[in-house]
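Everything on this sheet refers to the single structure shown next.
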Amino acid sequence: ISNSGAGAGLAIGSATSSGSNFTLSNDQAITVSGAITATGTLQLTTNANNGGITFNASSSGATGVTLSANGTGVVTVASSKSLSTSSNNAITITTGDVSLVGTVNAGSGSVSLLPNGTQAVIVGAAGTTGGDLNVTSGALGNITAGTLAVGALSDTASLSTGGSINVSAGSGAGQYNLTFNTGGAYTNTGNTITLGTKTLNVTANGTANTGVITSTVSGTVNVTAGG
């Protein structure tokens with residue numbers, strides 16, 4: 001479904017796709033007011049007007065979830081709501097910012113949080129900074145995945161930690177391998193990343209300041225920097 005020219009946000013009630021994907025694009029904000037259950041991929045896109053995507057109802061895409069919010073639009077999962085996949089399939093969110101008060105669950109699959117433009121990315125801070133992609137400490141604790149990937153090499157702004165990050169527990173929400181990508185500099189200053197047996201992969205086209213990283217096994221950290 002493609003909706004354009006309406007001049008207003010679009011609210012979606014409950015929907016179930018049978019044997020197919022659920023795909024919707026809109027030129028304004030999208031609000032999911034009733035649960036969406038896609039037996040294929042759940043794909044929602046706002047393509048203009050800084051439209052955000054808000055889940056006020058739990059929703060899922062069995063074979064994956066792909067969300068793309070335009071400009072400064074925010075992808076929001078409301079409190080006590082969930083966004084999930086089945087069989088460890090991936091969840092990919094491209095956005096101006098995220099507000100994950102509810103949960104995002106890809107099982108042991110990957111969750112990717114990607115900027116949709118040139119903007120600083122901050123991971124692990126308690127609060128948010130306007131204009132940045134803020135993956136707060138609260139958001140980190142609400143994500144279940146095998147790997148959490150944050151940032152993109154196409155984004156020439158910086159990626160930095162805003163607080164210490166601990167993913168060392170064996171399993172559960174907030175415990176995953178980490179991948180950080182940036183087309184600018186990567187900075188972990190004054191914070192500690194505690195991995196346990198998890199891995200950290202950092203790719204930065206600029207400089208990389210790794211800061212303090214603790215791990216219980218060898219070979220878990222890989223940093224590639226261009227500066």
Side-chain angles (χ1 to χ4, degrees), residues 64-65 67 75 77 83-85 88-95 97-100 103-116 119-129 132-155 157-227:
V65 174
L67 308 175
V75 170
V77 180
L83 180 66
S84 62
T85 65
N88 307 313
N89 286 302
I91 296 175
T92 301
I93 300 173
T94 305
T95 183
D97 203 357
V98 289
S99 176
L100 304 181
T103 61
V104 173
N105 191 341
S108 61
S110 64
V111 171
S112 299
L113 303 177
L114 312 176
N116 61 15
Q119 59 192 125
V121 179
I122 303 175
V123 183
T128 62
T129 301
D132 295 345
L133 173 54
N134 299 276
V135 186
T136 65
S137 55
L140 291 174
N142 288 334
I143 296 171
T144 299
T147 298
L148 173 65
V150 181
L153 293 178
S154 59
D155 180 4
S158 63
L159 188 153
S160 61
T161 59
S164 294
I165 300 170
N166 188 338
V167 295
S168 63
S171 61
Q175 313 301 320
Y176 30 66
N177 300 313
L178 292 169
T179 297
F180 296 148
N181 295 310
T182 177
Y186 167 73
T187 305
N188 176 41
T189 301
N191 301 307
T192 299
I193 299 177
T194 304
L195 296 173
T197 60
K198 306 296 193 305
T199 62
L200 170 64
N201 290 285
V202 176
T203 302
N205 287 342
T207 58
N209 178 351
T210 60
V212 178
I213 303 170
T214 66
S215 173
T216 58
V217 295
S218 62
T220 60
V221 179
N222 180 50
V223 179
T224 303

side-chain contact (heavy atoms from CB on, under 4.5 Å) partners for Ser218, two or more places apart: none
Whether Thr179 side chain and Ala149 backbone form a donor-acceptor pair below 3.5 Å: no
Thr103 versus Asn142, side-chain donor and acceptor atoms under 3.5 Å: no
Heavy-atom check, side chain of Thr197 versus side chain of Leu195, under 4.5 Å: no
Thr85 versus Ala106, closest heavy-atom pair with distance: OG1-CA, 3.7 Å
Partners passing side-chain contact (heavy atoms from CB on, under 4.5 Å) against Asp155 (at least two apart in sequence or in another chain): Pro115, Thr118, Gln119, Val121, Ala157
Ser158 (side chain) donor-acceptor with Ser160 (main chain) under 3.5 angstrom: no
pair Val135-Leu140: side-chain heavy atoms closer than 4.5 Å: yes
Taking every non-hydrogen atom, the tightest pair across Leu159 and Asn181: CD1-O, 3.6 Å
Partners passing side chain to side chain donor-acceptor pair (under 3.5 Å) against Asn116 (at least two apart in sequence or in another chain): none
Side chain proximity check, Tyr186 to Asn209, heavy atoms < 4.5 angstrom: no
Which atom of Leu153 lies closest to which atom of Thr182, heavy atoms considered: CD2-O, 3.4 Å
Contacts of type side chain to side chain donor-acceptor pair (under 3.5 Å), residue Asn88, not counting sequence neighbours: Ser108
Nearest non-hydrogen partners of Asn89 and Gly64, listed with the distance: CB-N, 3.9 Å
Over all atoms of both residues, closest heavy-atom pair of Gly196 and Ser215: O-OG, 3.2 Å
Where Gly184 and Ala204 come nearest, the two heavy atoms and their spacing: O-CB, 3.6 Å
Partner residues of Asn134 under the side-chain contact (heavy atoms from CB on, under 4.5 Å) criterion, sequence neighbours left out: Asp97, Ile122, Thr128, Thr129, Asp132, Thr136
Audit row: Leu133, Val98, side-chain contact (heavy atoms from CB on, under 4.5 Å) steps and yes/no: CA-CA 7 Å; Leu133 173 54; Val98 289; 4.3 Å; yes
Backbone N/O of Ala169 and side chain of Gln175: donor-acceptor pair under 3.5 Å: yes
Approximate separation, where rounding is to 0.5 Å, of Ile213 CD1 and Asn188 CG: 6.5 Å
Ser164 (side chain) donor-acceptor with Ile193 (main chain) under 3.5 angstrom: no
pair Leu113-Val111: side-chain heavy atoms closer than 4.5 Å: yes
4.5 Å side-chain heavy-atom contact, Thr224 and Val202: no
Distance, nearest 0.5 Å, that separates CG of Asn201 from CG of Leu178: 9.0 Å
Partner set under side-chain contact (heavy atoms from CB on, under 4.5 Å) for Ser99, not counting sequence neighbours: Val74, Thr76, Val101
Val167 side chain reached by Thr194 side chain, heavy atoms, under 4.5 Å: no
Side chain to side chain contact (heavy atoms under 4.5 Å, CB included) partner of Val65, chosen from Ile91, Thr92, Val104: Ile91
Listed partners of Thr199 passing side chain to side chain donor-acceptor pair (under 3.5 Å), at least two apart: Asn177
N/O donor-acceptor pair under 3.5 Å between Lys198 side chain and Tyr176 backbone: no
With sequence neighbours excluded, residues passing side chain to side chain donor-acceptor pair (under 3.5 Å) with Ser168: Asn166
Pairwise side-chain contact, Leu67 with Thr94, heavy-atom cut-off 4.5 Å (strictly under): no
Donor on one side chain, acceptor on other, Asn191 and Thr161, under 3.5 Å: yes
